[in-house]
Amino acid sequence: MRLSRLFFTSLRDDPADAEMASHRLLVRAGYVRQLGAGIYSLLPLGFRVSQRIEQVIRDEMNAIGGQEMEMPVVHPADLWRETGRYAKIGPEMVRFKDRSGRDMVLAMTHEEVVADLLRDLVKSYRQLPAIVYHFQTKFRDEPRSRGGLIRVREFVMKDSYSLDADAAGLDRAYDLHYAAYEKIFERLGLATVAVGADVGIMGGSLAHEFMALNDAGEDTLVICEACGYAANQQIAAVGAPDPAPEELRLIEEVATPETPTIASLAALLGVGTDRTAKATFFVTGDGRLVTAIVRGDFEVNETKLGNAVKAIGGLRPAQTEEIKAAGMEPGYASPIGAHDTTVVMDELAARSPNLVAGANRHGYHLLNVNSGRDFTPDLVTDIANARAGDGCPNCGSPVVLRQGIEVGNIFKLGTDFTKALGSTYLAEDGSRNLVVMGSYGIGLGRAMACIVEAHHDDKGIAWPASVAPYPAQLVSLGASRDPAVGEAAEGLYQRLTDAGVELLYDDRDESPGVKLTDAELLGMPRILTISPRSLTAGGVEVTDRASGERSVRPVSDVEAELRG
RNA sequence: CGGGGCGUGGCGCAGUUAGGUAGCGCGCAUCGUUCGGGACGAUGAGGUCGGAGGUUCAAAUCCUCUCGCCCCGACCA
């Protein structure tokens, strides 16, 4: 491809609204353009990268027996009503009516369609197992997109679905995907860590997220470098040590003016935050007030809490009036004397003796509060966030926290969807059983952005060879003055093109500075410079974009290697 | 949805406080000189200042409403 003909432009200045390196560079180098919030066009260069990522994924999906297909972006709402998700999913699903007034939705994912196809196509155990997948557009009307391609509303995802006769089959399909994902991300140049993830209240039994480590990542990961334990903080078990046993002392009310926060309370009383109990309040989607108690040195984990109380429609922070209505005083609250609320006690807090807790009276706290003696929680379980340095739940070594970007997930769905849609098969023994499903996703645009995050420097992108839009960028310098340069560059480009090897050829009549700067910005793995100087030195100057290593080599050598 | 910020040629910005009829840099076009690290000179094209309404002799600037985008939080099948 001649750069003079390429539908693109590079920008000298960083776009004002791009903060992450991947966003900045992909826009500046002419790979993508924004159309609206969370909606992007892939320009020819960006599309080529996306296609190359797609091909890597396709290879590995086919290698585990995946069958590529394509399912629609527009679905009849009735199908989503059958599984109950039409009502369950909020405004992130786009709904509209077609010309006949039928309710339609834009696909956020394709479990429904797969399960619908199953009841049509699969009738016998002989047809199982199977893995189907496609690369298809999803639209999720996220409340907030961010980070360029990191979190968008419209994106192409590889989603695959495993179809099995039983749970053992699902286990095999899951393991196949796990291994395939490791290969895919390695080939894409992405260092990922697979973490255990929340399966939510949707019924799945096991899920992993493949996380690209990145400081700007939205997820916090709890990682044990000693034993390899890794989990999303949303579900990571807290491995804090047992508190030292103490005699339970008598409860005692003390005046603690102006101490609505744990920090101010601990400072006033001269105790550690680990000697306090923190009460926080949430309301479930179906209107229940939940009082969550953790020790003052921990934070409440809303995912764990939501799962613990089986919150329908999630949790939102409670309002002051709602807390007071249950007999508690915000800032000085405890479950003692509370009513009409579900009290969930963190298990570590429950094991910690003689804590300071609110007196439910403005400006007062209680000393020596003990769970079980002074109040009875409805539920005692782990609802706290694991912290850096806490013991690994697996081996006890101190864990570290890292930020990550979810680039892929694998999920054991089970039979929820096939049950809802009646997708059954006849087994060998004649019994009618539900097909067991798993679903597995990789977002292409997000993967592209993560690759740039991991492969760039202050000059631009440095694509891994596996996904680069072209293997090399050929740059001619001074062609307009030295016919030999033009001939050498044109000749090399022409011969390689004829041989089916595509290069990006900067044939523009620009100054050396512009062309070299652009070549580094665009990030092809190798930059081939042909100039009077290089010809004198023996041919083509080959620069490895990532390492910066340069060598001058005969044109024929370079040509032979690229024909490879 | 809460908080904050921003909308002025393709990109980055100034001008808004103290209303007077739009400017700078880059990019773009043409010509000339340059040519291995975002060259230089000359000439030129391109914007009714996100939109609507209002105040005024006069609005990018003041008022009202509205749309959009970014960041933090909430949210995230």
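So you know, we letter chains A, B, ... as the sequences are listed, proteins then strands, and number each from 1.
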Pairs under 3.5 Å (N/O, protein and nucleotides 3-7 of chain B):
none

Among all residues two or more places apart in sequence or in another chain, which pass the side-chain contact (heavy atoms from CB on, under 4.5 Å) test with [X]?
| X | answer |
| --- | --- |
| A:E559 | A:L492, A:R495, A:L496, A:R563 |
| A:L434 | A:T415, A:T418, A:K419, A:T424 |
| A:R533 | A:S531 |

TODO: Tell me which residues in residues 525-534 of chain A put a heavy atom below 4.0 Å from RNA chain B, sorted by number, or none.
DONE: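 Nucleic-acid contacts, sorted: A:T529, A:S531, A:R533, A:S534.
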Using the [atom1] atoms only, state how far [M] lies from [N], rounded to an integer number of Å.
| N | M | atom1 | answer |
| --- | --- | --- | --- |
| B:rG19 | B:rA58 | C1' | 8 Å |
| B:rG23 | B:rC49 | P | 14 Å |
| B:rG15 | B:rU61 | P | 15 Å |
| B:rU56 | B:rC75 | P | 49 Å |
| B:rC62 | B:rU55 | C1' | 8 Å |
| B:rU8 | B:rG46 | C1' | 14 Å |
| B:rC13 | B:rU34 | C1' | 29 Å |
| B:rU16 | B:rA60 | C1' | 7 Å |

Between [X] ([atom1]) and [N] ([atom2]), how many Å, whole number?
| X | N | atom1 | atom2 | answer |
| --- | --- | --- | --- | --- |
| A:E510 | B:rC26 | CD | C1' | 13 Å |
| A:L413 | B:rA77 | CG | P | 13 Å |
| A:E218 | B:rA74 | CD | P | 11 Å |

Determine whether any donor atom in the side chain of [X] lies under 3.5 Å from an acceptor atom in the base of [N], or the reverse, and answer yes or no.
| X | N | result |
| --- | --- | --- |
| A:E541 | B:rG36 | yes |
| A:R28 | B:rG38 | yes |
| A:R550 | B:rG37 | yes |

TODO: Measure centre to centre between the rings of A:Y470 and A:W463, then say whether the value is under 6.0 Å.
DONE: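 No - the distance between ring centres of A:Y470 and A:W463 does not fall below the 6.0 Å cut-off.
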Open item on the list: Taking ring-ring contact (aromatic ring centres under 6.0 Å, His included) as the definition, give me every residue that meets it alongside A:Y178, ordered by chain and number, with sequence neighbours left out.
Closed with: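 Scan of A:Y178 (ring-ring contact (aromatic ring centres under 6.0 Å, His included), adjacent residues dropped) gives A:H208, A:F210.
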Task: Partner residues of A:Y161 under the ring-ring contact (aromatic ring centres under 6.0 Å, His included) criterion, sequence neighbours left out - done: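 Counting only residues at least two positions away or on another chain, A:Y161 forms no ring-ring contact (aromatic ring centres under 6.0 Å, His included).
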Sequence-distant partners of [X], salt bridge (Lys or Arg N to Asp or Glu O under 4.0 Å), two or more places apart:
| X | result |
| --- | --- |
| A:E299 | A:K278 |
| A:D544 | none |
| A:E218 | A:R146, A:R151 |

For [X], answer base if it contacts any base atom (sugar-phosphate contacts may also be present), sugar-phosphate if it contacts only those atoms, and nothing otherwise; contact means non-hydrogen atoms under 4.0 Å.
| X | result |
| --- | --- |
| A:L521 | nothing |
| A:E302 | sugar-phosphate |
| A:T9 | nothing |

Open item on the list: Regarding A:H23 and A:Y40, do their side chains bring together a donor and an acceptor under 3.5 Å, going by distance alone?
Closed with: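 Present: a donor and an acceptor within the cut-off.
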Task: Polar contact flag, side-chain donor to acceptor under 3.5 angstrom, A:N307-A:D198 - done: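 The criterion, which ignores hydrogens and geometry beyond distance, is satisfied for A:D198 and A:N307.
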Open item on the list: I'd like to compare against my own output: the B/S/- annotation of nucleotides 66-73 of chain B with a strict under-4.0 Å heavy-atom distance to protein.
Closed with: ---SSSBB
Open item on the list: Looking at A:T517, I'd like to know whether one of its side-chain N or O atoms comes within less than 4.0 Å of OP1 or OP2 on B:rG37.
Closed with: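 A:T517 to B:rG37 OP1/OP2: no side-chain N or O under 4.0 Å.
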Task: Earlier contact from the 5' end, RNA chain B, for A:D14 and A:S511 - done: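 The residue closer to the strand's 5' end, by nearest nucleotide, is A:D14.
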Open item on the list: Assuming nearest nucleotide by heavy-atom distance, tell me which of A:R12 and A:G478 is located more 5' along RNA chain B.
Closed with: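 Its nearest nucleotide being more 5', the pick is A:G478.
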- [ ] With sequence neighbours excluded, give me every ring pair (Phe, Tyr, Trp, His ring centres under 6.0 Å) pair touching residues 510-539 of chain A.
- [x]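 Found none.
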Open item on the list: Closest approach to the side chain of A:E520, judged atom by atom: which nucleotide of B:rG37, B:rC35, B:rA77 is it?
Closed with: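 The answer is B:rG37, which lies nearest to the side chain.
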- [ ] Going by the side-chain hydrogen bond (donor to acceptor under 3.5 Å, both in side chains) test, name the single residue among A:D506, A:D509, A:D507 that passes it with A:S4.
- [x]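 Exactly one option meets the side-chain hydrogen bond (donor to acceptor under 3.5 Å, both in side chains) with A:S4, and it is A:D507.
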